[in-house]
*Asks:* 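Supplied in structure tokens, the structure appears directly below.
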Amino acid sequence: MFYQYHHLLSLFPLLLLLGVGVSAVEVQRPRGVPLSKRQFYEEGKPFTCLDNSGTIPFDRVNDDYCDCQDGSDEPGTAACPNGSFHCTNAGFREAFIPSSRINDGICDCCDTTDEYNSGAACQNTCREMGRKERESLQKMAEIAKEGFLLKQQLIQEAKRGLEDKKAKLVDVQVSKKDLEDKVEALRTVKETAEQPEKEAKERHLQAWEDQKALVRMEKDKTRMAEVFLELDDDADGFVSVAELLSHSELDPDSDGSFTEAEAQGSLGGVDKVDTVAFEAVWNNIKEKYTSEATADTPAPVETPQEEPISDNDSEQYPEDDIPEDEEEEDEEDEDEEPDDGDYKTPPPTPTQEKKDDDEGTMPPYDQETQSLIDAAQKARDEFDTAERALREVDDQIRNLEKEISFDFGPNAEFAHLYSQCYELTTSEYIYRLCPFNRVSQKPKYGGSETNLGTWGKWAGPEDNIYSVMKYEHGTGCWQGPNRSTMVKLTCGKETVVTSTSEPSRCEYLMEFTSPAVCQEPPSLDSLLHEHEEL
């Protein structure tokens, strides 16, 4: 189908000749010689081989003996292996066949002239074949004519579309300038609104921090007073070195020996301190101090649970019978630090929980601060909306510029294919062609889509470059190249994918018809004029 349309234009004169009928006069010449070479075969004159390899008497032409190296002396016999026989085929198209097929019992020429001496029962089918070809050519001519008319409409629509896009591009570029000005104005409004918001939030946070610091300080003073009373065993209003020594956890160097000198050092170098001087001492010992009430509270005794009797017949190891290797491993495990992956954050102590509960959460913003936050948020929302609209306009401009500059053919006849997709369903797959975008393949009964290539370029021959589309860089084949597709375009009244195939591994071929491909067929008047000249 791909080549038929392009041959149609060259065969159109034949269509005309076949349609008006052929009244030919038989020109005498040796059997198997085409009319175009009649002048080389003049009866009564020596014949010179067409390759000039020799000259022979004319009566040795078609004598069933090969004299010329090119076989030109035996156009009507099978004597020369490299000769060719001309089929006149009146009523159809002339043809050439290898000389070896002459009188082989098989009818190759529709006019039966190749089997003149074989006895084969051949029938002249040239007129019937000519009739069928006329009908086929006539049908293709009608398609070409209608397709070309549709193509003219597509070209006009493309021109109007191009003008509309250019006008729209100008409008969008103007609106972009307005949007850019709007975005900058809203940016200033946003930044202006965010500054007092930031300052108000910082003031609110600082007030909250100050409040929490005050609460912590008050709790610390209360705690200090409680500890002073705990340490003042004799209730004389002083904490002495002896009273401090009762708390070994306050040993400064934690060497296990809390001496009087160290205790005196903790008290600031004196033997005892009152409540006022204790404040300085408290700052040094509060991180280590353990309340007597906490220390006196016995730890809950775990009730030993009865170990369940194992259903397994094997006995557990008695305590004395644990293998030495296992004991060593257990000791090593105890010495090793736990893995980061196995480490779990210990639950907060009651003191921590109480601290968080006491501090509570940050109070809500006051009305003035909240109003500043709301105003700043509104400015941010308006700025974001305008900035998003500007990005959309930029995308629109890029798309319009791309469409305006894209190569849609000499007269933009292929522009109507842009942003369209066409499908062809076979027994196994659904093929999808989106011109100037991509080609894909999807299993008919479910499965993921495979990219058969994205738009590459026009890839037809130099004299007809717009007859083939190339799509490349598709999904890679397993241990093979990336998939690619060649789309061959032919003239048709409808725009449709007609067939797909895979001529080579991972290289696909797709046939696609469109009126945009149709060329103007030759006019009848010009053909008649050429025929009269002939």
*Asks:* Tell me if the SG of C477 lies under 2.5 Å from the SG of C506.
*Replies:*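 Yes, because the SG atoms of C506 and C477 sit under 2.5 Å apart, which meets the disulfide cut-off.
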
*Asks:* Just checking Q123: does its CD atom have more than 12 heavy atoms from other residues, nucleotides or ligands closer to it than 6.0 angstrom?
*Replies:* no

*Asks:* Less than 2.5 angstrom apart at the SG atoms, yes or no, for C87 and C110?
*Replies:*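 Their SG atoms do not fall under 2.5 Å; no disulfide, then.
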
*Asks:* To the nearest 0.5 Å, tell me how far C68 SG sits from D51 CG.
*Replies:* 6.5 Å

*Asks:* Grab the two heavy atoms, one from E197 and one from L372, that are nearest each other, plus how far apart they are.
*Replies:* CB-O, 4.0 Å

*Asks:* Using atom types as modelled and distance alone, determine if a side-chain donor or acceptor of R38 lies under 3.5 Å from a backbone N or O of Y41.
*Replies:*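 Yes, the answer is positive, given that a donor and an acceptor are paired below the 3.5 Å cut-off.
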
*Asks:* Salt bridge or not for E128 and R131, using N-O below 4.0 Å?
*Replies:*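 Salt bridge flag = yes for R131 with E128.
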
*Asks:* Roughly how far, to the nearest 0.5 Å, is CD of E163 from NZ of K168?
*Replies:* 15.5 Å

*Asks:* Will you find, in the side chains of E199 and Q195, an N or O donor that is under 3.5 Å from an N or O acceptor?
*Replies:*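 Yes, a side-chain donor-acceptor pair sits under 3.5 Å.
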
*Asks:* With side chains defined as the heavy atoms from C-beta onward, is the minimum distance between L424 and Y429 less than 4.5 Å?
*Replies:*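 No; the side chains remain at least 4.5 Å from each other.
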
*Asks:* Sub-3.5 Å donor-acceptor pair from the side chain of S99 to the main-chain atoms of G83, do we have one?
*Replies:*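 Yes, because the side chain of S99 sits within donor-acceptor range (under 3.5 Å) of the backbone of G83.
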
*Asks:* Regarding D395 and R391, does a basic nitrogen lie under 4.0 Å from an acidic carboxylate oxygen?
*Replies:*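 No, no charged N to carboxylate O under 4.0 Å.
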
*Asks:* Any luck finding a side-chain donor-acceptor pair between D381 and Q377 under 3.5 Å?
*Replies:*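 Indeed, the side chains of D381 and Q377 share at least one donor-acceptor pair under 3.5 Å.
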
*Asks:* Among L452, T454, L433, which one satisfies side-chain contact (heavy atoms from CB on, under 4.5 Å) with Y471?
*Replies:*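 Per the side-chain contact (heavy atoms from CB on, under 4.5 Å) rule, the option paired with Y471 is L433, out of L452, T454, L433.
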
*Asks:* Salt bridge check, K132 against E135: does any charged N sit closer than 4.0 Å to a carboxylate O?
*Replies:*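 Salt bridge between E135 and K132, a charged N being under 4.0 Å from a carboxylate O: no.
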
*Asks:* Check this for me, if you would: do E449 and R438 make a salt bridge, where the nitrogen-to-carboxylate-oxygen distance has to be below 4.0 angstrom?
*Replies:*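 Salt bridge present between E449 and R438.
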
*Asks:* Flag the pair K444 and E428 as a salt bridge only when some basic side-chain nitrogen lies within less than 4.0 angstrom of an acidic carboxylate oxygen.
*Replies:*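 Looking at E428 together with K444, the answer is no, because their closest N to O distance does not fall below 4.0 Å.
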
*Asks:* Has the side chain of E423 got a donor or acceptor atom that lies under 3.5 Å from a matching backbone atom of R432?
*Replies:* no

*Asks:* Taking the basic N atoms (NZ, or NE/NH1/NH2) and the acidic carboxylate oxygens, is any pair closer than 4.0 Å for R93 and E133?
*Replies:* yes

*Asks:* For the residue pair Y418 and F406, does the interplanar ring angle fall in the parallel (under 30°), tilted (30 to 60°) or perpendicular (over 60°) class?
*Replies:*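 If you compare the ring of Y418 with that of F406, the planes turn out tilted.
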
*Asks:* Under 3.5 Å, is there a donor on one side chain and an acceptor on the other for T513 and T490?
*Replies:*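 Distance-only check fails for T513 and T490.
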
